[in-house]
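Only a predicted model underlies this, so the values are computations on that prediction, with no experimental measurement involved. Chain naming here is simple, since letters A, B, ... match the order of the sequence lines and numbering starts at 1 in each. Just so it is clear, the values below take in all heavy atoms, side chains as well, and ignore hydrogens, waters and symmetry mates.
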2 protein chains.
Amino acid sequence: MNRETVIGRLKEYGLGITQPRIEILSYLMENHVHPTVDVIYESLLENNPGLSRTTVYNTVQLLTKCGALRTLCIDESHVNIDENTMPHAHLLCRECGRIIDLPLKGISVEKASHPFTMDGNMIEEVHQYYRGLCQECRNKQNK
Amino acid sequence: MNRETVIGRLKEYGLGITQPRIEILSYLMENHVHPTVDVIYESLLENNPGLSRTTVYNTVQLLTKCGALRTLCIDESHVNIDENTMPHAHLLCRECGRIIDLPLKGISVEKASHPFTMDGNMIEEVHQYYRGLCQECRNKQNK
DNA sequence: AAATAATTTGGAACTATTACAAATTTATAC
DNA sequence: GTATAAATTTGTAATAGTTCCAAATTATTT
């Protein structure tokens with residue numbers, strides 16, 4: 001990912017420009033795989049020897065607070081990071097473990113993008129996810 | 001909760017009848033509060049001195065596998081237990097921390113109750129949850 | 001009632017995440 | 001550009017939820 005693009009993105013959110021932040025955001029903008037913090041950390045470690053796991057946690061937390069990222073709570077054992085901030089649903093495949101993007105059901109993307117009220121409650125975030133078998137794994141099993 | 005009712009429920013699922021299981025399922029059938037394992041454990045400890053935390057974990061896991069319970073993954077720091085197995089949505093209030101039941105959107109309860117296909121994927125579990133402010137907390141803040 | 005099987009217990013291990021103080025890097029002011 | 005101040009990163013230790021496991025207990029079967 002173009003370094004200037006990433007720096008621009010950090011500036012948009014009013015964040016300081018540092019090497020780790022560039023690397024982490026860059027990784028997320030290139031790899032749309034809903035990684036865990038540990039996957040990000042391990043992946044970046046090769047080319048960034050001194051990187052600390054804590055920094056990845058800190059940075060992800062910071063970017064999430066800014067609204068640049070979303071954290072997914074699908075697999076109870078850990079958090080997955082989603083850099084696509086447009087509201088959408090997810091499928092966690094019990095076979096391959098991947099998290100696949102799907103369209104939101106029953107609510108428009110526009111509505112889900114901003115707080116709205118429902119039965120007197122203020123809804124600020126909409127989360128939809130499924131567990132099951134993805135198409136690919138179904139095909140493999142039916143062979 | 002009537003002891004016989006709880007025992008009957010355990011038998012329905014083909015499970016052995018033991019004191020801890022009766023206590024735990026009884027608690028869940030009486031307290032519809034989406035408790036954590038720890039809340040269940042602490043609550044039962046008073047009247048069940050020897051109870052082990054591990055037993056609560058084991059039992060919850062067992063009941064979940066049977067389909068007698070559902071585990072919710074809303075707050076990333078822990079799992080919440082839901083003994084209402086009819087599909088429904090949840091709101092996690094950022095103020096009071098409660099988890100409130102809401103109706104499912106965009107999919108019928110009947111459809112969500114059984115596996116179905118969507119874009120070639122097999123959907124086995126439907127989860128919908130919101131984060132925001134519950135009605136009660138909104139009213140308090142607007143005073 | 002004895003033997004067998006299932007379950008529970010409790011302590012230790014594990015893992016994701018956070019806390020924190022020292023070291024380093026980045027931004028600011030001259 | 002360099003010195004200073006501020007922000008960030010690092011690494012270790014702490015925390016918390018959960019799982020592992022072998023011994024002890026309880027339930028079930030004979």
Side-chain angles (χ1 to χ4, degrees), chain A residues 3-4 6-11 13-27 34-45 47-66 68-81 97 99, chain B residues 3 6-8 10-11 13-27 34-45 47-66 68-69 71-81 92 97 99:
Chain A
R3 193 185 152 90
E4 290 314 313
V6 180
I7 291 179
R9 187 96 172 257
L10 286 171
K11 280 184 178 159
Y13 289 103
L15 301 176
I17 311 304
T18 70
Q19 195 55 32
R21 288 182 188 171
I22 293 170
E23 294 291 340
I24 292 165
L25 185 52
S26 205
Y27 176 88
H34 313 93
T36 62
V37 166
D38 228 66
V39 165
I40 302 173
Y41 170 68
E42 294 291 347
S43 306
L44 293 180
L45 203 53
N47 300 312
N48 305 70
L51 183 65
S52 163
R53 204 184 303 266
T54 301
T55 301
V56 184
Y57 274 103
N58 288 342
T59 304
V60 163
Q61 211 169 351
L62 183 72
L63 291 170
T64 304
K65 252 180 214 145
C66 294
L69 300 179
R70 278 211 162 194
T71 54
L72 306 181
C73 186
I74 302 181
D75 195 336
E76 41 228 29
S77 68
H78 56 252
V79 162
N80 292 89
I81 315 299
I99 293 174
Chain B
R3 192 185 154 91
V6 179
I7 291 180
L10 285 171
K11 281 185 180 161
Y13 289 103
L15 301 176
I17 311 305
T18 69
Q19 195 55 34
R21 288 182 187 169
I22 293 170
E23 293 292 339
I24 292 165
L25 186 53
S26 206
Y27 176 88
H34 312 93
T36 62
V37 166
D38 229 65
V39 164
I40 302 174
Y41 170 68
E42 294 292 347
S43 305
L44 293 180
L45 204 52
N47 299 311
N48 304 70
L51 183 65
S52 162
R53 205 183 303 266
T54 302
T55 300
V56 184
Y57 274 102
N58 288 342
T59 303
V60 163
Q61 210 167 355
L62 183 73
L63 291 170
T64 304
K65 254 181 213 143
C66 294
L69 300 179
T71 54
L72 307 180
C73 187
I74 303 181
D75 195 337
E76 42 229 29
S77 68
H78 56 252
V79 162
N80 292 90
I81 315 298
L92 172 61
I99 293 174

Atom CG of Asn80(B) and atom C1' of dT18(D) are separated, to the nearest Å, by 14 Å
Using a 4.0 Å heavy-atom cut-off across all strands, classify Asp38(A) as base, sugar-phosphate, or nothing. nothing
The reported gap from OH in Tyr27(B) to CG in Asn47(B) (rounded to nearest 0.5 angstrom) is 12.0 Å
Nearest-nucleotide check on DNA chain C, Val37(A) vs Arg21(B); residue mapping nearer the 5' end is Arg21(B)
Rounded to the nearest 0.5 angstrom, the CG-CD1 distance for Leu10(B) and Ile17(B) is 4.5 Å
note: Asn58(A), atom CG; dT25(C), atom P; distance rounded to Å ~ 17 Å
Which of dT10(D), dT28(D), dT9(C) is nearest the side chain of Ile17(B)? It is dT28(D)
Taking the side chain as every heavy atom from C-beta outward, state whether His34(A) and Arg70(A) have any atom pair closer than 4.5 Å.
no
Rounded to whole Å, the CZ-P distance (Arg53(A) to dA16(C)) equals 8 Å
Whole-Å distance, Asn48(B) CG to dT8(C) P, equals 12 Å
In whole angstroms, the gap separating C1' of dT25(C) from CD of Glu23(A) amounts to 15 Å
Picking from dG17(D), dT7(C), dG10(C), the nucleotide nearest the side-chain atoms of Thr18(B) would be dT7(C)
* Asked: Can you tell if the side chain of Leu51(A) reaches within under 4.5 Å of the side chain of Glu23(A), non-hydrogen atoms only?
  -> no
* Any donor-acceptor N/O pair under 3.5 Å between dA16(C) base and Ser77(A) side chain -> no
The residue, Gln61(B) or Pro20(B), whose nearest nucleotide of DNA chain D is more 5′ is Gln61(B)
By nearest-nucleotide position on DNA chain D, the 5'-leaning member of Gly16(B) and Ser52(A) is Ser52(A)
Glu42(A) CD to dA16(C) P, in whole Å, measures 11 Å
| query | Is there a donor and acceptor pair, one atom on the side chain of Thr36(B) and one on the base of dG17(D), closer than 3.5 Å? | reply | no
Exercise for the section: Output yes when at least one side-chain N/O atom of Thr54(B) is less than 4.0 Å from OP1 or OP2 of dT8(C), else no. Expected result: no
Reckon Gln19(A) touches a base, only the sugar-phosphate, or nothing at all at heavy-atom distances under 4.0 Å? sugar-phosphate
**Q.** Beyond-backbone contact of Asp38(B) with Arg53(B), side-chain heavy atoms, under 4.5 angstrom
**A.** yes
Regarding the side chain of Tyr57(B), the nearest nucleotide among dT12(D), dG17(D), dG11(C) is dG17(D)
Atom NE2 of His78(B) and atom C1' of dG17(D) are separated, to the nearest Å, by 10 Å
Atom CG of Leu45(A) and atom C1' of dT9(D) are separated, to the nearest Å, by 14 Å
